[in-house]
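A quick write-up on the structure given underneath.
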Amino acid sequence: MASAQETLLSKQVSRRKLLGTGAGLTAAMYAGGVMPGGLGKTVMAQDGGTEFHSAWPYLDLGSGGHFNNFVTNGIMNPPNIYGDLMFVPMGLQYWSDWEWLPLLATEWSFSASGAAAAGTPAASPDASPMASPVADGIDTFNVTLREGVMWSDGAAVTTADVVATFDILWLTSNTVWSYIDTVTAVDDLNISFHMSTPSTVVERYIIRRSPLPAAVYGEFASQANALRTGGMDSEAPEFLQLLDQFNAFRPEAPVVNGPYTIDPATITNAQFDMPKNTTSYWADMAKFDKIVNFNGETDTISAVVLSKEIDYATQGFAPATELEFAAQGIRVLRPPTYGGAALLFNFATLPEFADKRVRQALAYAIDRAQVGFVSLAESGVPVNYMAGISDNLVPTWVREDAIAGLNTYALDPAGAEALMIEAGWTKDGTWSKPDGTEAAYELMWPAEFADYSATGANVVEQLNAFGFNVTGRPITFTQIGIDIDMGNFQLAIQGWGSSSNPHPRFSYETAFFVHNTLAINNGGEGMAFPLDQETDVAGMVDLESLTRDSALGMDEGLQLDQVTTIAQVFNELLNIIPLYERFGNNSALEGVRVASWPADDDPILLNSPYADGIPTILILTGLLEPFAG
């Protein structure tokens, strides 16, 4: 199979509940048998036409699901790896080298004010964002739409749809409006975005977006536009009233421009059909006549995958389930997710951890390779650079000389003990804090996540072997984040990194803001880690400013310097301790409905599986083909 990038060049991307499951449910599910949990009779490709079977959770129409694709619980809201096959984004990105696949947009560029006009030459859409213009005065982002793309209601896709989409994004407080202040349709195919806060990340915020139809959302968009241009903000009564009305808006059915749509009549709590939208610009590229999407999280989907009724699933399967995949001949794809599990501390109630030497000691004491393997087998890859971003991003975003100086915290229990003693702790079989009290703690983790549960149990075991007295406490996944934000915890297992945006800023927001400064949204102070810190590597630093500024402006050399500093500071401070990076263990069935998936070394398998979707790109480029039998 040729890579998606080779095809492009020749023709010129919620956290899952990770639950384990047993094998005893599989035997009755072959050859159209009855599926567990009310999934009903399976639909085989030979029942008529070629099919691709996906697995993505949703709420059915009777349980709160709907077709307002801007609002929580909308079915397949874009950005979504299958929603993007209904509402095609302006482009999708290859995370291996930052090249773009132009889709609804054909070209785009940054410019200075006044330069945007119909037919203005744009930078190559294949160019890396690291090659965007950086000249002084750049404050506009220009996009040209593809001509001839139609909505399923027969209307042409134009810049009116883009304007309406971004007006609704303003109403729903989307982050893109932190960077832009106006959206102007130059003509039906050319549009410009004025940046109030110039930043290279605007490119991804806009190009990764899937415009939705003005025919459906235009009335609300016009009212939102009037409020914004009239000076209203999100606290104004008129804004809140319109937002309430919009959140209650429920279109009867999707109006799409992609090669697939949803047939509302087929939606049950178990599955639904996504038939081919034959009027789509991409209809001929998409080789499957229909997608059948199965509902459920890991506990349900594991059994359905093992019955060979699902062609691709990203639910995060338990190691034991992976062994069953191998026994059934089901391939496993392992794309990086650019994040994973980390150990968090409550600095407000545990002042002994304010000494960075203690946190560094724990990084030396914990066998990260063991934690990763216990949690996710081959897909739990121990973090090497300990820079707060994925090891995959470090060579791109951290200067080479700084990479050489990063502490990898290789397993060193003796070195860990020396650091603890240097920090004033004592050990007589077990550790005592500097104040003489026992080092006894409680470690929380989300009970329903199979990988995090294994992580938590293993970290408890390792810390106790090192001399602590740690007790594990599983907490339901819907509550643990609230408890952490409220400060109702001592130690916890939560995520680090960012699976949705490749710019390091978003990983550092996870490290320094999520469950810390942003905990105020849940009424607490979370980890209570101060963001003004004295460091050996960079002196006194303001981590809030460093993080926010790391994506600002058009000078990417300056961004590289800022990210390098943050990486060095994180590596020294370790306010959270990354344990492993979660690589996907995505089931990829071959020889039933799908002919084959890309080779393990194909660059597309460096895409984050929840961002710029692997099957999305393969289907839209015609590279994923039905099994011919």
Side-chain angles (χ1 to χ4, degrees), residues 1-13 78-85 88-110 122-132 143 146 200-210 258-259 282 285-286 312 314 333-339 389-397 497-507 551 556 559 581 583-584 586 588 596-625:
M1 171 185 282
S3 75
Q5 287 163 295
E6 290 169 342
T7 296
L8 169 63
L9 293 173
S10 70
K11 291 178 178 290
Q12 283 284 123
V13 156
N80 172 285
I81 66 174
Y82 301 114
D84 292 332
L85 293 173
V88 176
M90 297 200 217
L92 289 170
Q93 198 166 18
Y94 295 102
W95 288 43
S96 61
D97 55 14
W98 318 121
E99 289 186 357
W100 283 93
L101 171 66
L103 292 167
L104 184 58
T106 58
E107 55 185 11
W108 52 89
S109 66
F110 289 102
S124 166
D126 302 332
S128 161
M130 295 296 288
S132 300
V143 179
R146 188 178 299 278
T200 55
V201 299
V202 167
E203 180 175 29
R204 182 167 175 86
Y205 273 125
I206 292 174
I207 298 304
R208 182 60 185 84
R209 176 59 52 181
S210 297
W282 294 272
M285 295 296 288
Y312 180 75
T314 63
L333 306 183
R334 301 191 192 278
T337 69
Y338 297 84
I389 59 176
S390 168
D391 287 345
N392 292 281
L393 297 177
V394 168
T396 300
W397 282 103
S498 172
S499 296
S500 60
N501 197 309
H503 196 289
R505 168 189 166 155
F506 301 92
S507 293
E556 288 159 329
Q559 289 187 15
E581 179 168 351
F583 280 60
N586 306 345
S596 65
W597 289 88
D600 290 339
D601 60 354
D602 191 294
I604 199 172
L605 294 187
L606 290 176
N607 274 31
S608 171
Y610 304 118
D612 300 66
I614 294 166
T616 318
I617 291 176
L618 294 174
I619 288 173
L620 290 173
T621 56
L623 289 174
L624 198 67
E625 298 183 340

Within a strict 4.5 Å, meaning less than it, do heavy atoms of the [X] and [Y] side chains meet?
X: D97; Y: Y94; answer: yes
X: W98; Y: T396; answer: yes
X: E107; Y: P102; answer: no
X: M90; Y: V143; answer: yes
X: M285; Y: P259; answer: no
X: L92; Y: W100; answer: no
X: I614; Y: P335; answer: yes

Check against side-chain hydrogen bond (donor to acceptor under 3.5 Å, both in side chains), N392 and Y338: CA-CA 8 Å; N392 292 281; Y338 297 84; 5.1 Å; no

Could you tell me the separation between the [atom1] atom of [X] and the [atom2] atom of [Y], rounded to the nearest 0.5 Å?
X: L101; Y: L620; atom1: CG; atom2: CG; result: 7.0 Å
X: I617; Y: L623; atom1: CD1; atom2: CG; result: 10.0 Å
X: L85; Y: I619; atom1: CG; atom2: CD1; result: 5.0 Å
X: S498; Y: H503; atom1: OG; atom2: NE2; result: 11.5 Å

Trace of the side-chain contact (heavy atoms from CB on, under 4.5 Å) decision for W597 with L624: CA-CA 7 Å; W597 289 88; L624 198 67; 3.9 Å; yes

Lys/Arg N to Asp/Glu carboxylate O, R208 vs D84, below 4.0 Å: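 The answer is yes: the pair qualifies as a salt bridge.
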
Of all the heavy-atom pairs spanning [X] and [Y], show the shortest one and how long it is.
X: Y82; Y: P615; value: OH-CG, 4.1 Å
X: D391; Y: P395; value: O-CD, 3.3 Å
X: L393; Y: I389; value: CB-CD1, 4.1 Å
X: I81; Y: G613; value: CG2-CA, 3.5 Å
X: V88; Y: G258; value: CG2-CA, 3.5 Å
X: E581; Y: G339; value: CG-O, 3.4 Å

Does [X] reach the main-chain N or O of [Y] with its side chain, forming a donor-acceptor pair under 3.5 Å?
X: T106; Y: R146; answer: no
X: N607; Y: P609; answer: no
X: S499; Y: T337; answer: yes
X: S507; Y: G497; answer: no

[X] and [Y]: side chain donor to acceptor below 3.5 Å:
X: E203; Y: W108; result: yes
X: Q559; Y: T200; result: yes
X: Y312; Y: N586; result: yes

Geometric class of the Y205/F506 ring pair [parallel <30°, tilted 30-60°, perpendicular >60°]: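 Correct class here is perpendicular.
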
W282/L103 under side-chain contact (heavy atoms from CB on, under 4.5 Å): CA gap, chis, key distance, verdict: CA-CA 9 Å; W282 294 272; L103 292 167; 3.9 Å; yes

Audit row: D600, L333, side-chain contact (heavy atoms from CB on, under 4.5 Å) steps and yes/no: CA-CA 7 Å; D600 290 339; L333 306 183; 4.3 Å; yes

